[in-house]
Amino acid sequence: MAGNADSGAFLRSAEPFIYSAPAGPTQTSPHKFNKISNSDARKHGDKLEDSVALDRPLLGASSMGHTILIDFETFENDILRVHPSLAADQALPEELVDHARLVFDTLFSHGASPLEIQIAEEFIKVINAETGGSPLSRHKAAFTGNHTSTDGTPSKVDAGLYSNEQLPVTAKPTTGKLTSGKPDWNNIRLFIEFKRKNTSLDPFDDYEPDDPEASAQTRQAVRHQIINYALDIRNRQHRTCIFALLIIGPEFRLMRFDQSGIIVTKKQNYAEDPRPLLSFLAWFDKVSPEQQGYDPTATLLKEGSRAYKLMDEFAQGQASDMEHAEGSEVAVQHSAEDQAALAALSNDDESYLDEIELDDEDPRVFKYVREKFGESLEEGWPRYRLEVGEEKRIFLVGKPIWTVSWLFGRGTRGYIALDVKKRRFVFLKDCWRPFYVGLKSEGAYLEILNPLGTKATDVHVPTLVTHGDVARQITMTAQYANYRAAQAKRQKKRRRQDDELSPPSASDGAKEGHITPSVSAPAAMDVGNADGPSSQNDGEAFYRHFTHYRIVTKDVCLPFTAITSSKQLVELILDCVTAHWLAYTDHRLLHRDVSAGNVIIRPSLSSKNTKDGKKKVIWEGVLTDWELAKEIPARDPSKPEAPKEVPRQPERTGTWQFMSVAYVENHPNWPVTVADELESFFHVLLFYAVRLLRHNISNVSTFVADYFDKFTVSGDVKRRCSIAKKMAMNEGIIKVSRWIPLQFEFANGNVHRDLNRMIGNLLKYFKARYQILAWEFRKSQRKCDSAVSGPSDASAPLALPQPSLDTDDRRQIVVLEEIELDESEDEGEPSDQIKTRAELLDGHSAFLAILGNAINLKRSTPKWAPVWPVGPETDVVKDRLPDVYDPRIHASMANKMYTPSAGGTATADPNGAPARKKHRTGDVSEPTQVSIPRQPTRAGTVSGSLGMSLGDS
């Protein structure tokens with residue numbers, strides 16, 4: 001790309017991109033809190049029912065600023081790599097072109113504006129015709145706009161191209177009669193959407209080449225619609241890109257989608273000259289599946305094949321399957337039949353299935369793992385064979401247990417997969433990771449934290465099986481945006497040079513002959529010099545570079561909603577904080593995305609036998625999704641300030657509901673610190689506690705909304721944390737009403753003293769931190785001797801005894817000596833005691849000690865005997881976040897605040913759908929108030945955390 005800048009040709013690069021951070025105080029890649037993908041409700045761990053009213057506007061809002069507009073000829077040459085043109089490359093019969101011209105000219109004669117169904121009927125007749133020639137030989141077009149698919153996907157795409165063997169119709173399309181086909185999202189190659197001739201139905205604007213995404217509500221609705229179709233295909237198939245065709249009356253646009261954005265052509269009249277459009281269809285018909293956008297490392301399994309049957313066999317329950325409840329006892333030895341069952345083979349073909357390397361590990365599995373795998377073999381969903389890592393290890397997958405809700409970004413999907421080599425269930429994550437110099441993959445961090453690839457007893461992180469980038473697949477859209485911006489820069493430079501060399505003349509005028517490349521405004525990025533690919537530091541750049549990546553871990557884990565007691569919740573959080581502590585102290589690694597979806601539960605068998613000679617099931621908290629981790633430079637003790645950190649990419653994702661108040665308020669000028677991450681752990685603990693334990697909160701959905709999902713907006717339209725979260729950190733208390741503090745209770749009504757005291761102690765430390773930060777801010781405002789650059793990341797000056805790493809007593813931590821604080825409201829310099837407590841949050845010892853002491857049944861202080869549920873006892877209740885709670889409501893309101901045109905009108909379709917599309921049942925209108933209206937029913941809780949975090953955007 002960059003190396004050929006002078007030649008003007010667009011060449012793709014396979015190397016990571018260089019991000020040049022802006023000059024100034026920025027120390028971390030900024031979060032785009034106004035991007036809906038950072039507020040994905042499903043990061044809470046719950047799968048929500050589809051709602052066109054909520055999902056499509058949010059999907060559209062999340063994809064704004066991702067469009068590159070170019071002319072058809074440029075699309076041919078730069079994107080399809082066809083020279084000199086498609087028409088020259090595809091020798092179409094003149095009879096075909098003349099016939100198409102006659103049909104379309106008749107259809108639109110005398111300014112006629114036929115309905116979409118009429119346009120679709122004639123168009124499909126032409127491209128499917130057998131007499132007179134057709135641009136298609138291997139594919140056919142099918143009309144599917146009258147029905148939804150049989151798999152329950154609500155979208156009704158008008159038409160699509162399918163291979164001849166997979167045409168979803170019951171009659172031959174060559175008869176000229178439209179059949180009653182249903183969309184087949186598993187096999188559609190290219191989707192087609194028809195609109196009647198009307199500017200209000202065109203989602204793009206050729207008259208605004210620098211900002212081609214039309215802002216009118218009806219035009220936005222069409223854009224949301226076609227992006228939804230692309231998302232449906234992306235979620236079911238394994239693609240590197242998706243091609244689509246938009247027909248608007250007598251004009252058409254070609255579209256190409258990938259994880260970075262859309263490349264779309266300007267409108268062109270096919271009724272006047274059908275050759276360009278027919279030539280594209282002929283090209284698409286003849287090229288390989290890989291050129292059509294299919295991932296060659298993913299193979300669709302045929303029903304009845306040996307691999308297909310093998311998945312069915314492994315979904316069947318076995319007598320040796322184990323219960324996963326903590327404390328359950330299982331036999332020490334497994335039978336020889338269990339091992340033999342793994343190697344069972346049929347005598348069919350597919351020789352790769354014979355490459356088995358069984359190990360000595362216990363072949364038994366927990367029941368929930370096999371059951372979840374069986375659920376993924378849902379009828380109607382495709383099954384795939386995926387290759388992972390340099391060795392191209394084979395894994396078989398069905399329906400993902402998780403898919404993200406947004407088309408652009410990492411596109412994460414998580415699967416419970418069958419490892420063909422080991423004949424074991426594993427967790428496989430398929431995503432597109434940011435591709436910049438200095439960024440490591442998630443697997444690279446797991447190799448650092450657990451280099452032996454075994455079940456970690458110290459650092460509780462997922463156990464890596466294999467990982468790797470996929471076949472050097474890199475998003476084209478971001479690279480092309482840089483290329484076009486470089487063209488614009490060179491063009492501007494030439495104009496400036498011409499102006500300097502040439503005297504002004506009356507004919508110069510406004511230099512109307514110079515055409516600016518048609519790229520969305522955010523794409524105006526400097527690509528740097530010609531030595532290598534780079535990305536400018538434009539804070540509004542939306543075209544992020546991604547490379548395809550897969551990672552497989554051994555552990556198929558449980559979500560935190562599976563806990564059975566308050567003590568267990570604290571123990572599991574303690575495990576995760578311990579993993580965070582070890583990663584930081586041993587490797588200077590900060591996780592930087594501690595959130596509810598990134599703490600999971602790993603059941604396993606104890607290393608020691610019970611008195612009865614059996615193994616016990618033990619649960620461990622696991623801190624997962626290390627992709628956003630960063631190595632923090634060590635501080636030089638001889639220098640007063642911590643070393644400045646440098647952003648490595650123009651933007652990073654994360655779950656802002658669990659970020660610290662200080663980080664949200666001050667990023668990107670402050671980097672993430674240990675204190676910020678510990679505060680995030682506190683928010684995660686609180687989130688699960690209010691959902692699953694007894695307390696005095698009368699309305700949990702209101703509390704969760706007020707504390708986690710709502711936000712405030714400052715004068716500079718910067719999103720900030722909720723008022724409830726700020727008050728908790730600044731005042732050191734969480735209130736359920738104006739006067740009443742939050743209190744956890746037991747079933748008999750008694751106060752849960754140990755849990756309440758633990759939370760109160762943690763809040764005292766956070767309050768001390770914010771007292772220090774407030775004082776430092778006031779001091780900087782008064783322009784005192786030293787300016788404040790942010791919280792220190794130095795180790796705590798008070799060394800506390802460290803937690804034990806022995807598996808049996810790792811949660812038994814020594815008592816932390818109490819520090820009596822001056823709680824006065826004096827705005828002067830905080831006391832030494834307050835400073836000491838705040839400084840302790842720069843390390844992990846105090847936080848670990850508070851959690852460890854709380855659950856230590858042998859402790860000597862406080863004087864009362866600790867009371868926690870023990871063994872099979874439980875104080876957990878059914879999830880108190882009701883099924884009607886839908887965080888998308890708040891995301892929708894955020895969409896309206898940041899995108900004024902997204903608001904509804906009195907005459908608008910309440911679903912924001914184009915007029916021809918029927919309303920879906922069960923949808924609701926978008927809210928206009930901050931209060932929570934009646935919301936659609938949520939589906940049963942499905943973990944998005946069965947193996948690793950699947951958040952993203």
Side-chain angles (χ1 to χ4, degrees), residues 31 37-47 401-402 404 409-410 412-414 427-429 431 433-434 440-443 445-446 448-450 456 459-464 549 551 553 555-563 569 571-584 589-602 619-630 652-660 663-664 672 674 676-689 691 708 844 847 887 941-953:
H31 290 269
S37 56
N38 283 321
S39 302
D40 188 353
R42 287 161 231 227
K43 288 182 180 177
H44 289 350
D46 299 323
K47 189 181 188 318
I401 61 171
W402 179 273
V404 295
R410 290 191 290 173
T412 306
R413 288 179 284 186
F427 186 83
L428 186 152
K429 183 162 80 169
C431 65
R433 68 180 185 89
K440 294 181 179 179
S441 66
E442 182 175 2
Y445 286 121
L446 292 184
I448 293 173
L449 296 171
N450 185 11
V459 186
H460 297 289
V461 296
T463 306
L464 183 66
Y549 177 75
I551 180 172
T553 58
D555 317 299
V556 180
C557 297
L558 295 166
F560 260 48
T561 50
I563 64 165
L569 172 62
E571 289 173 339
L572 296 170
I573 289 288
L574 178 58
D575 289 343
C576 296
V577 179
T578 301
H580 190 277
W581 164 60
L582 291 171
Y584 183 71
L589 277 180
L590 275 183
H591 185 276
R592 303 199 312 156
D593 190 20
V594 174
S595 58
N598 289 343
V599 292
I600 52 181
I601 304 169
R602 176 169 58 201
W619 283 14
E620 300 168 334
V622 172
L623 183 59
T624 188
D625 195 358
W626 288 82
E627 182 176 310
L628 298 181
K630 188 175 183 179
R652 75 179 180 93
T653 55
T655 316
W656 80 275
Q657 291 97 329
F658 300 97
M659 293 176 184
S660 75
Y663 177 71
V664 172
V672 180
V674 170
D676 294 313
E677 300 262 74
L678 293 178
E679 184 181 325
S680 294
F681 276 116
F682 174 83
H683 298 316
V684 170
L685 172 66
L686 179 67
F687 178 72
Y688 284 115
R691 288 179 60 179
F708 295 98
H844 295 74
F847 196 99
T941 298
V942 177
S943 170
S945 308
L946 287 171
M948 300 183 304
S949 167
L950 304 171
D952 185 28
S953 50

* Show your reasoning for whether side-chain contact (heavy atoms from CB on, under 4.5 Å) applies to Val672 and Lys630. => CA-CA 10 Å; Val672 180; Lys630 188 175 183 179; over 6 Å; no
* Testing Lys429, Arg592, Arg410 for side chain to side chain donor-acceptor pair (under 3.5 Å) with Glu627, which one passes? -> Arg410
* To do: Mind checking the NE2-OH spacing from His591 to Tyr584? Nearest 0.5 Å is all I need.
  => 16.0 Å
* Please name all residues satisfying salt bridge (Lys or Arg N to Asp or Glu O under 4.0 Å) with Glu677, sequence neighbours left out, ordered by chain then number. => none
* To do: Could you tell me whether a side-chain N or O of Asp593 sits under 3.5 Å from a main-chain N or O of Asp625, the two making a donor and an acceptor?
  => no
* To do: Compare all side-chain heavy atoms of Asn450 with those of Val459 and state whether any distance is below 4.5 angstrom.
  => no
* **Residues forming a side chain to side chain donor-acceptor pair (under 3.5 Å) with Ser660, sequence neighbours excluded** => Asp676
* To do: Taking all non-hydrogen atoms of both residues into account, name the closest pair between Ser595 and Phe658 and its distance.
  => CB-CD1, 3.8 Å
* To do: Please tell me if the side chains of Met659 and Trp656 come closer than 4.5 Å, counting only heavy atoms from C-beta onward.
  => yes
* Checking Thr412 side chain against Cys431 main chain: does a donor-acceptor pair fall under 3.5 Å? -> no
* **Heavy-atom closest pair, residues Val461 and Arg602** => O-NH1, 3.0 Å
* Identify the two heavy atoms, one from Leu449 and one from Ala583, that lie closest to each other, and give their separation to 0.1 Å. => CD2-CB, 3.5 Å
* Taking atom CG of Asn598 and atom OG1 of Thr655, what is their separation to the nearest 0.5 Å? -> 6.0 Å
* Excluding sequence neighbours, so at least two apart, what forms side-chain contact (heavy atoms from CB on, under 4.5 Å) with Cys576? -> Phe560, Val599, Leu623, Phe681
* To do: Please say which of Tyr688, Phe682, Phe687 ends up in a side-chain contact (heavy atoms from CB on, under 4.5 Å) with Val684.
  => Tyr688
* Asked: How are the rings of Phe708 and His683 set relative to one another: parallel (under 30°), tilted (30 to 60°) or perpendicular (over 60°)?
  -> perpendicular
* Which atom pair, heavy atoms only, marks the closest approach of Gly414 to Phe427? -> CA-CZ, 3.9 Å
* Hey, what do you get for CG (Leu574) to NE2 (His460), rounding to the nearest 0.5 Å? -> 8.5 Å
* Where is the tightest heavy-atom contact between Leu572 and Ile563, given as atom of each residue plus distance? -> CD1-CG2, 3.8 Å
* Asked: How long is the gap from CH2 on Trp619 to CG on Asp575, to the nearest 0.5 Å?
  -> 12.5 Å
* Structure fact -> Rounding to 0.5 Å, atoms OG1 (Thr624) and CD (Glu442) come to a distance of 5.5 Å
* Just by distance, do the side chain of Asp555 and the backbone of Pro462 share a donor-acceptor pair under 3.5 Å? -> no
* Gap separating the CD1 atom of Ile401 from the CG atom of Leu428, nearest 0.5 angstrom -> 10.5 Å
